[in-house]
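Since we're looking at a predicted model, the values are computed, not measured. Numbers here simply count residues along the sequence, with the first being 1.
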Amino acid sequence: MINIKYLLAIVFSSMFFFVSFQGIAQKVKIDGVIERAEALSHFKFLASDELKGRDPERPEIDIAAYYIANQFEKYGAIPLSSLNAYYQYVPFVASSPPTVGELKWKGSKFKHGEDLLVLGGNDLSGDFEMVVAGYGFEDDYADKNVKGKWVVVRVGAPNRLTPTELFKAGREKQALAKSKGAIGLIEMYNVPTTPWRMLVNYLNKSQLALDLDPDKHDDLPYLWMKDLKGEIIKSIASGKNEISIDIKGKKNRKIKGRNVVAVIEGTDPQLKDEYVMLSAHYDHLGITKPNAEGDSIYNGARDNAVGTAALIQAANYFGEHPPKRSILLCAWTAEEKGLLGSSYFADNPPLPLKDIVFNLNIDNGGYNDTSLVTIIGLGRSSVDHLISVAAEDYGLEAIADPSPEQGLYDRSDNVNFAKKGIPAPTFSLGFTAFDQEIGKYYHQVSDQVDNFDLDYAIKYWKTYILSAENIANNLEKPVWKSGDKYEEASNALYGIGN
């Protein structure tokens, strides 16, 4: 009689050796294509001083876009027929702070950069009446006449309090207020998770927004006022509703941004119509005042030249070894301005979103453990194990988000696709906490290639490519784990359960 345990042992041993051999064969191919000096040259150029920090409002960002597009083309990735060569143009409005921004109410004066922020719109001066309208959405305008008046609303919405959602909701409210005949919009800020002073430091400078409204609602003055206890909005609602406004020197200009997009067709007759999207943002923070050493350039090696370089390495590898599914390469602009490039793509896709079955995004703040890759969203999809296996094959360990309190999953470009229903983790450098080592480089001029572990960079890129190859060759379509908050959107996108 055959010993069942012995038979099972033989089967599992055979499977183990097959998987091991397969992983070794994949590594040999990847190692044969990704040549160290060439790979690092892309990284060094993207993080060089010459690109002036890749600010979406500066002309050097176009040099970066041109370089990425040229590398995609060099390695055999082709443009989508629905786009202008390798670019998806993204319409922006850049808005500079006012020279004067004051609001007087009830004997008190509020100044821009202190307890007031002028975020949008044109210059305006005069005395006006205010109307409180809840959160500023359609239902809040019932029985209210706001024509020729300022609308005062609470910031965001009860379920929309992340920074990205606050800005997106504000744009919606701005458009609605103008359609109702309002002359301006004030959102009263009272979100405890993001300190007001941090917002002032971040927003009291030139801002970038998507320019999407043909009716140009962005000319409507749009303000945030500090009201941490909610006392001012209550007082306005109770009857003291006259203000004096003085806004001067607000400037708005239009900018054309670029998402860089390319595709490598898959080899399987059926699966090639499904796309694994590999993405990373290529912009960064630009230039600041010189520090003590005279350095003023945010080179953004970790955030996110290393991720953009990964896309170029992926183009190089998959150009020679295309997988079963097609590979969609996307380098996003203006992530640092509010995930704007990826948001535009998600809302204006150049191919049906339902054809994109997975997004393996890259974004980074830094690393503090070179034995790891940290996957923001690990444990939420059916193909997580394929990423873990790829990491193991390169001697690394894939771990899940160690700082869930930071809300990192919803703070990078991947979330714009997760909301649509596409499984979308972010493949990050290895970190175990947001500690001092991360803080030394995160959004600092010190984030440069010359203090980056380049051996780790090579291993990181190869692990990313192997992860993508495992997913693109897997016969099972990736899905969210049951019960995930984005599962319902996914079912709708892919027609599951219909």
Side-chain angles (χ1 to χ4, degrees), residues 80 82-83 88 90 162 164-165 168 259-266 270-281 307 310-311 314 318 323-332 335 339-363 375-387 400-401 407-428 464 467-498:
L80 288 171
S82 57
L83 294 181
Q88 181 189 42
V90 184
T162 66
T164 301
E165 287 289 355
K168 189 171 183 179
N259 289 327
V260 189
V261 182
V263 67
I264 295 170
E265 187 176 57
Q270 282 76 44
L271 292 180
K272 71 178 182 179
D273 294 328
E274 297 179 357
Y275 295 81
V276 172
M277 181 166 71
L278 308 182
S279 64
H281 76 89
L311 295 187
F318 290 120
K324 291 181 171 64
R325 288 187 176 87
S326 295
I327 296 294
L328 181 64
L329 300 161
C330 296
W332 310 124
E335 185 272 349
L339 318 182
L340 299 182
S342 60
S343 176
Y344 185 82
F345 185 100
D347 290 337
N348 303 272
L351 75 169
L353 287 181
K354 65 180 179 59
D355 293 344
I356 302 173
V357 299
F358 196 79
N359 173 210
L360 192 58
N361 184 56
I362 291 184
D363 195 8
I375 313 303
I376 310 301
L378 192 71
R380 297 178 66 171
S381 86
S382 62
V383 295
D384 293 328
H385 64 289
L386 299 178
I387 300 173
D401 182 359
L408 297 178
Y409 191 93
D410 293 332
R411 285 171 50 188
S412 190
D413 292 304
N414 62 294
V415 73
N416 285 323
F417 301 97
K419 289 176 183 176
K420 300 291 186 181
I422 300 168
T426 290
F427 190 98
S428 295
Y464 179 72
S467 298
E469 185 171 44
N470 287 347
I471 295 165
N473 282 331
N474 188 40
L475 297 182
E476 297 295 325
K477 184 176 178 179
V479 295
W480 293 96
K481 290 288 182 68
S482 179
D484 194 279
K485 71 175 183 177
Y486 295 119
E487 184 184 24
E488 184 177 348
S490 186
N491 291 343
L493 178 67
Y494 301 120
I496 299 172
N498 292 342

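Residues Trp480 and Lys485 form no side-chain contact, since every pair of their non-hydrogen atoms from C-beta on lies 4.5 Å or further apart. Using a 4.5 Å heavy-atom cutoff, the side chains of Leu475 and Lys324 are in contact. Taking 4.5 Å as the limit, every side-chain heavy atom of Asp363 sits out of range of all side-chain heavy atoms of Asp413. Side-chain contact between Tyr464 and Leu278 is present, with at least one heavy-atom pair separated by less than 4.5 Å. Using a 4.5 Å cut-off on side-chain heavy atoms (C-beta onward), Val90 and Leu340 make no contact. Under the 4.5 Å side-chain criterion, counting only non-hydrogen atoms from C-beta, Pro350 is in contact with Gln88.
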Original post:
Can you check side-chain hydrogen bond (donor to acceptor under 3.5 Å, both in side chains) on Ser381 and Asp384, steps first, answer last?
Top reply: CA-CA 6 Å; Ser381 86; Asp384 293 328; 3.1 Å; yes
Original post:
Going through the distances and angles, do Val261 and Phe345 end up as a side chain to side chain contact (heavy atoms under 4.5 Å, CB included)?
Top reply: CA-CA 10 Å; Val261 182; Phe345 185 100; 4.1 Å; yes
**OP:** Determine, step by step, whether Leu351 and Val263 satisfy the side chain to side chain contact (heavy atoms under 4.5 Å, CB included) criterion, reporting the C-alpha distance in whole Å, the side-chain angles of both residues, the deciding distance to 0.1 Å, and the verdict.
**Re:** CA-CA 11 Å; Leu351 75 169; Val263 67; over 6 Å; no
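With sequence neighbours left out, the salt bridge (Lys or Arg N to Asp or Glu O under 4.0 Å) criterion links Glu487 to no other residue.
The shortest non-hydrogen separation linking Ser326 to Lys272 is OG-O, 2.6 Å. Across all non-hydrogen atoms, the minimal contact from Gly421 to Tyr494 is O-CE1, 3.7 Å. Across every non-hydrogen atom of Ser382 and Pro478, the tightest pair is OG-CA, 3.5 Å. Taking each heavy atom of Pro425 and Ile375 in turn, the nearest pair found is CB-CG2, 3.9 Å. Here the closest heavy-atom approach between residue Cys330 and residue Leu311 is recorded as O-CD1, 3.2 Å. In this structure, Leu353 and Ala346 approach most closely via the heavy-atom pair CD1-O, 3.4 Å.
Ring geometry for Phe417 against Trp332 counts as parallel: the plane angle stays under 30°, on a 0 to 90° scale with 60° as the upper cut.
Here the CZ-CG distance, from Arg325 to Asn474, works out to 6.5 Å after rounding to the nearest 0.5 Å. Taking CG from Leu339 and NZ from Lys168, the interatomic distance works out to 10.0 Å, rounded to the nearest 0.5 Å. Rounded to the nearest 0.5 Å, atoms CG (Asp410) and CG (Asn416) are 10.0 Å apart. Rounded to the nearest 0.5 angstrom, Asp273 CG and Glu265 CD are separated by 8.0 Å. Separation of atoms CG (Asp484) and OG (Ser490) is listed at 9.0 Å; rounding is to 0.5 Å.
Side-chain N or O atoms of Asn259 include none that pairs as donor or acceptor with a backbone N or O of Ser342 at under 3.5 Å. Proximity of a side-chain donor or acceptor of Tyr486 to a complementary backbone N or O of Val415 within less than 3.5 Å is not detected.
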Identify all side-chain donor-acceptor contacts of residues 354-361 below 3.5 Å with residues at least two apart in sequence or on another chain.
residue, atom, partner, partner atom, Å
Asn359, ND2, Met277, O, 3.1
Asn359, ND2, Ser279, OG, 3.0
Asn361, OD1, Ser279, OG, 2.7
Asn361, ND2, Ser412, OG, 3.4
Asn361, ND2, Thr426, OG1, 3.2

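Within the structure, salt bridge (charged side-chain N to carboxylate O under 4.0 Å, His left out) contacts touching residues 414-424 (residues at least two apart or in different chains) are Glu165-Lys419, Asp347-Lys420.
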